[in-house]
Amino acid sequence: QVQLVESGGGLVQAGGSLRLSCAASGRTFSNYVVGWFRQAPGKEREFVAAIGLSAGSTYYADSVKGRFTISRDNAKNTGSLQMNSLKPEDTAIYFCAAKSGFAYYRSPSEYGYWGQGTQVTVSS
């Protein structure tokens, strides 16, 4: 079991920045791929970014590429999502998730562990 807790969400104006954190406990965090997903009201949960075991591989949704940066610190059992140049369409609940193996990293159903989510609201 891996327990995940997100923090860092909030209200920000368009063009602003937020940094989300994901604190992990339980099994060895470094053994898991970490993904960030988001879900806006009335919409399906969508992939935002993923990072490999040693942070050597990162992947982003086209909608956030160049604005968001995913990272991890295995020594501290934490993952992060730095979000810059935020847009109103980035408004959603953001979730941290973990899975074994990198296959199908864009699919929420492939992730076995999830945090409770943190709300991000971007005002225009």
Distance, nearest 0.5 Å, that separates [atom1] of [X] from [atom2] of [Y]:
X: Asp73; Y: Ser80; atom1: CG; atom2: OG; answer: 8.0 Å
X: Ile51; Y: Ser71; atom1: CD1; atom2: OG; answer: 6.0 Å
X: Ser123; Y: Gln13; atom1: OG; atom2: CD; answer: 5.0 Å

With sequence neighbours excluded, what pairs up with [X] under the side-chain hydrogen bond (donor to acceptor under 3.5 Å, both in side chains) test?
X: Lys43; value: none
X: Asn74; value: Arg72
X: Thr121; value: Gln119
X: Gln39; value: Arg45

Can you name the residues that form a side-chain contact (heavy atoms from CB on, under 4.5 Å) with [X], not counting sequence neighbours?
X: Gln82; answer: Ser17, Arg19, Thr69, Asn84
X: Val12; answer: Leu18, Leu86, Val122
X: Thr28; answer: Ser30, Asn31
X: Gln116; answer: Val5, Glu6

Side-chain ion pair, Asp90 and Lys87, N-O less than 4.0 Å: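 Judged by the 4.0 Å cut-off on N to carboxylate O distance, Asp90 and Lys87 do not form a salt bridge.
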Within-4.5 Å side-chain heavy-atom neighbours: Arg38 and Leu81: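 No - every pair of side-chain heavy atoms lies 4.5 Å or more apart.
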Thr91 side-chain N/O to Pro88 backbone N/O, donor-acceptor pair under 3.5 Å: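 A pair under 3.5 Å: yes.
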Sidechain-backbone polar pair: Tyr111 side chain, Tyr105 backbone, donor-acceptor under 3.5 Å: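 Side chain of Tyr111 to backbone of Tyr105, a donor-acceptor pair under 3.5 Å: yes, one is there.
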Pair listing, ring-ring contact (aromatic ring centres under 6.0 Å, His included) test, anchored in residues 67-97, at least two apart: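 Those involving residues 67-97 do not exist here.
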Closest non-hydrogen atom pair, Gly117 against Ile93: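 Nearest heavy atoms, Gly117 then Ile93: CA-CG2, 3.9 Å.
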Shortest non-hydrogen separation from Ala49 to Tyr60 and the atoms involved: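 Looking at all heavy atoms of both residues, the closest pair is CB-CD2, 3.7 Å.
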Tyr32 vs Val2, side chain to side chain contact (heavy atoms under 4.5 Å, CB included): CA-CA, chis, key distance, verdict: CA-CA 9 Å; Tyr32 294 88; Val2 176; 3.6 Å; yes
Sub-6.0 Å ring centroid separation between Phe37 and Trp114: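 Ring centres of Trp114 and Phe37 closer than 6.0 Å.
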Within residues 97-114 or reaching into it, pairs that qualify as salt bridge (charged side-chain N to carboxylate O under 4.0 Å, His left out) - sequence neighbours excluded: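 Those involving residues 97-114 do not exist here.
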Contact list for residues 5-109, test disulfide bond (SG atoms under 2.5 Å apart), sequence neighbours left out: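 Every pair satisfying disulfide bond (SG atoms under 2.5 Å apart) with a residue in residues 5-109: Cys22-Cys96.
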Selection residues 25-95 - residue pairs positive for disulfide bond (SG atoms under 2.5 Å apart), sequence neighbours left out: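 Listed once each, the pairs would be none.
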Same cluster (ILVMFWY, side-chain, under 4.5 Å), Leu20 and Phe47: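 Different clusters.
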Transitive ILVMFWY side-chain link Val48 to Val33, under 4.5 Å: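 No: no chain of side-chain contacts under 4.5 Å links Val48 to Val33.
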Side chain to side chain contact (heavy atoms under 4.5 Å, CB included) evaluation trace for Val34 with Phe29: CA-CA 9 Å; Val34 175; Phe29 179 66; 3.5 Å; yes
Heavy atoms of other groups near Phe102 CZ, more than 12 under 6.0 Å: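 More than 12 within 6.0 Å, yes.
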